[in-house]
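What follows is a single structure, written as structure tokens, with notes after it.
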Amino acid sequence: QVQLAESGGGSVQPGGSLRLACSASGSIYRSNLNDYNCIGWFRQSPGKGREGIATIWTGSGGTTYVDSVKGRFSISQDIASKTIYLQMNSLHPDDSAMYYCAARRSASACSPSKAFTFWGPGTQVSVSS
């Protein structure tokens with residue numbers, strides 16, 4: 001089991017920045033083979049499907065991004081505090097959505113296109129002038 005809780009959402013003007021945080025607990029960051037070892041950030045806006053945007057391996061720190069956020073968003077982790085961050089820069093209105101973090105356990109695949117098991121409740125991001 002993994003418990004996740006997002007924070008840091010809010011309202012920002014186009015071109016602005018936000019940093020989201022995902023606080024994790026449970027079967028993660030324990031250096032155990034049963035740990036959930038892949039964390040992803042996803043977003044969903046009204047009328048659109050959920051979009052996976054970035055992932056990070058908790059062991060190696062290796063990251064993956066979808067094209068729509070490459071160069072603007074950055075995923076990172078603080079292992080000591082069991083927190084995964086999503087730094088979002090150069091925001092534009094299309095980035096407005098509910099943002100979620102999620103956990104997956106895998107020996108080989110950590111990417112936004114894969115299925116994730118545990119999800120947080122989400123944090124809202126609104127970008128408008």
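Scope of the values below: all heavy atoms of this structure, side chains included, with no hydrogens, waters or symmetry mates.
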List, one per line, each side-chain donor-acceptor pair under 3.5 Å for residues 119-129, sequence neighbours excluded.
| unit_1 | atom_1 | unit_2 | atom_2 | d |
| --- | --- | --- | --- | --- |
| Trp119 | NE1 | Phe116 | O | 3.2 |
| Thr123 | OG1 | Gly9 | N | 3.1 |
| Gln124 | NE2 | Ala97 | O | 3.2 |

side-chain contact (heavy atoms from CB on, under 4.5 Å) evaluation trace for Ser74 with Tyr65
CA-CA 8 Å; Ser74 177; Tyr65 300 91; 3.8 Å; yes
According to a hydrophobic-cluster definition based on side-chain heavy atoms being under 4.5 Å apart (Ile, Leu, Val, Met, Phe, Trp, Tyr only), do Ile79 and Ile39 belong together?
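In one cluster: yes.
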According to a hydrophobic-cluster definition based on side-chain heavy atoms being under 4.5 Å apart (Ile, Leu, Val, Met, Phe, Trp, Tyr only), do Leu86 and Val12 belong together?
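Yes.
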Nearest heavy atoms of [X] and [Y], plus distance in Å:
X	Y	result
Val2	Ala103	CG1-CB, 4.1 Å
Cys101	Leu4	O-CD1, 3.6 Å
Arg104	Ala115	NH1-O, 2.8 Å
Phe42	Gly52	CD2-CA, 3.2 Å
Ala54	Pro112	N-CG, 3.9 Å

Working to the nearest 0.5 Å, report the span between [atom1] of [X] and [atom2] of [Y].
X	Y	atom1	atom2	answer
Ile75	Gln87	CD1	CD	12.0 Å
Thr64	Lys70	OG1	NZ	8.5 Å
Ser81	Tyr29	OG	OH	8.0 Å
Cys22	Lys82	SG	NZ	12.5 Å

Verify, without hydrogens or angle tests, whether Gln1 (side chain) and Gly26 (backbone) share a donor-acceptor contact under 3.5 angstrom.
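No.
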When you measure from the side chain of Thr55 to the backbone N and O of Cys110, does any donor-acceptor pair fall under 3.5 Å?
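Such a contact is found between Thr55 side chain and Cys110 backbone.
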Verify side-chain contact (heavy atoms from CB on, under 4.5 Å) between Tyr100 and Leu20, making sure each step is shown before the conclusion.
CA-CA 10 Å; Tyr100 303 89; Leu20 307 183; over 6 Å; no
Residues, nucleotides or ligands: over 12 heavy atoms within 6.0 Å of Lys114 NZ:
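Incorrect, the count does not exceed 12.
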Applying side chain to side chain donor-acceptor pair (under 3.5 Å) as the test, list every pair that has at least one member in residues 33-46; sequence neighbours left out.
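For residues 33-46: Arg30-Asp35, Arg43-Glu51, Arg43-Asp95, Arg43-Tyr99.
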Is Leu91 close to Phe73 at the side-chain level, that is, under 4.5 Å between some pair of heavy atoms?
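Yes, their side chains come closer than 4.5 Å.
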Contact check, side chains of Gln77 and Thr58, non-hydrogen atoms, under 4.5 Å
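Heavy-atom side-chain distance check passes, below 4.5 Å.
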